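Because the structure is a prediction, the values reported are computed rather than measured.
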Amino acid sequence: MDSAALEIDGSVMEGGGQILRISAALSCITGTSIKITKIRAGRSTPGLRPQHLSGLELVRDICAGSLDGAAIGSTEVCLTPGKIKSGSHMADTRTAGSVGLLLQVALPCILYADASSELRLKGGTNAEMAPQIDYTVKVFKPILEKFGVCFGCDIRMRGYYPKGGGEVVATVNPVKELSPVTMTERGNITKIYGRAFVAGVLPFKLAKDMSAAAVRTIRKEIKDLYINIQPLQEKEKAYGNGNGIIIIAESSTGCLFAGSALGKKGVYADKVGIEAAEMLLRNIRHNGCVDEFLQDQLIIFMALANGTSRIRTGAVTLHTQTAIHVAEQLTQAKFTITKSEEGLNGHITYIIECQGSGASNPFL
């Protein structure tokens, strides 16, 4: 098996879990066996973490494949995909490992099943170093719909670091093929809104403080928009203690951007609000059409789409470059990145263009 498997170097470029997610999903969709080596080689804890392992096992289950070397700390795995099967699939990180990242690896695969499917994902819904589930629902999902992806996302329980315990159920319809997407005109920012939450034993005042500090920060730069950041106390649908904020900006052409932050022990609520606000402002200043987080998440869909996609971005992140590198190894997609200097206030934007591979669902 190893001789026929395509070898992916897990230590290149960004060198993290993202290489695993994209290569596993594309292996499953294209039917290509892969061997991923040097997994997370440069990280402080190299090899697979619980969240990566549950993601790989989920892909294996979706495509009735076989997975060798899958254990915590393993730096080499082989995935031999079988036939993608619809139905109900479950994954549980048993930690605060991100539910959003589990969805990132599983969603592309399940689009190529023969019927609609359900993904039951357990772990952290609002965790560090990963998209908050609110980002998945409010930013990622509406933009994916432009590619023809249709999925529902039901947040059954929210879970925070370190306990996890969150649960999300995603219902996904299959596609015959993905449509290419053009997002090159940002337009004006027309709406800014969000949620600042506390859960568990944390006082509601923290939510109000995060919200107020975020609004103050945005006001300094954007004076003419009503900013609605709702302070919320998560009640029955939350497991454990946590606090955080997500702020979303919408543009006149339907672009979406976000800034978010999570509270930590010993960090003032104001500081959390300001961090999220500054992240949002940074992502709308460049005049691109996606924020720095959506940028790399769209690469796999551009690579699979049937036709040419063009997306205007701010600075191209290492995550995005890594995603392109893996996508070009596993599909016939061809990416080009062109610098474009017409940005407002002299900001530089880039156009990421992709001739998609036109992956087609054999069952539809």
Side-chain angles (χ1 to χ4, degrees), residues 104 131-132 134-149 178-195 214-215 217-229 245-261 274-303 305 307-321 323-324 327 335-356:
Q104 247 180 56
Q132 292 193 40
D134 307 276
Y135 184 91
T136 306
V137 173
K138 295 280 197 299
V139 178
F140 178 68
K141 182 177 179 295
I143 301 301
L144 268 207
E145 286 168 2
K146 296 177 190 283
F147 287 92
V149 174
L178 294 171
S179 309
V181 162
T182 298
M183 293 175 73
T184 52
E185 300 302 320
R186 211 275 307 262
N188 302 318
I189 298 299
T190 53
K191 259 189 192 170
I192 297 179
Y193 54 92
R195 67 196 309 270
V215 171
T217 307
I218 297 168
R219 274 267 169 272
K220 288 178 190 160
E221 220 164 294
I222 298 174
K223 306 209 165 34
D224 51 350
L225 280 182
Y226 172 61
I227 302 166
N228 179 19
I229 304 171
I245 179 169
I246 179 165
I247 318 162
I248 291 157
E250 271 181 35
S251 86
S252 52
T253 59
C255 301
L256 295 163
F257 308 86
S260 64
I274 292 166
E275 184 189 333
E278 285 178 343
M279 184 189 288
L280 177 71
L281 290 169
R282 180 172 83 234
N283 276 295
I284 55 187
R285 264 182 218 128
H286 57 57
N287 214 34
C289 295
V290 294
D291 63 30
E292 63 197 288
F293 310 102
L294 193 62
Q295 198 187 96
D296 68 277
Q297 292 178 49
L298 296 183
I299 296 299
I300 187 170
F301 299 98
M302 294 170 79
T308 304
S309 294
R310 298 178 76 236
I311 295 183
R312 186 183 299 277
T313 69
V316 177
T317 66
L318 185 55
H319 265 109
T320 296
Q321 293 167 33
I324 289 172
F335 284 86
T336 52
I337 298 174
T338 317
K339 194 170 174 178
S340 145
E341 310 227 3
E342 57 187 310
L344 281 175
N345 339 336
H347 283 303
I348 292 166
T349 59
Y350 296 83
I351 299 273
I352 302 176
E353 186 169 308
C354 173
Q355 310 285 337

Distance in Å, D224 CG paired with I222 CD1, rounded so as to fall on 0.5 Å steps: 8.0 Å
Flag side-chain contact, heavy atom, 4.5 Å: F257 against R186: yes
Shortest non-hydrogen contact from I352 toward Q295: CD1-CG, 4.3 Å
Pairing residues for K220 by the side chain to side chain contact (heavy atoms under 4.5 Å, CB included) criterion, not counting sequence neighbours: none
Rounded distance [0.5 Å steps], CD1 in I229 versus CD1 in I248: 10.0 Å
Residue pair I299 / F335, side-chain heavy-atom distance below 4.5 Å: yes
Show me the side-chain donor-acceptor pairs of residues 275-282 shorter than 3.5 Å, one per line, residues at least two apart or across chains.
from, atom 1, to, atom 2, distance (Å)
R282, NE, E292, OE2, 3.3
R282, NH2, E292, OE1, 3.4
R282, NH2, E292, OE2, 2.8

E185 side chain to T253 side chain, donor-acceptor N/O pair below 3.5 angstrom: no
Contact summary for S309 and P180, nearest pair of heavy atoms: OG-CA, 3.3 Å
Over all atoms of both residues, closest heavy-atom pair of G288 and T349: N-CG2, 4.0 Å
Rounded distance [0.5 Å steps], CG in L298 versus CG in L144: 6.5 Å
Non-hydrogen atoms of H286 and N283 that approach each other most closely: NE2-O, 3.0 Å
Nearest atoms (heavy-atom pairs only) where I143 meets L294: CG1-CD2, 3.7 Å
Distance, nearest 0.5 Å, that separates CD1 of I351 from CD1 of I337: 11.5 Å
Student check: side-chain heavy atoms of Y135 and D291 closer than 4.5 Å: yes
Spacing of I227 atom CD1 and I192 atom CD1 [to the nearest 0.5 Å]: 5.0 Å
Minimal non-hydrogen separation, L225 against K191, with atom names: CD1-N, 4.0 Å
Atom pair CD/OG1 of E353 and T182 - distance to nearest 0.5 Å: 8.5 Å
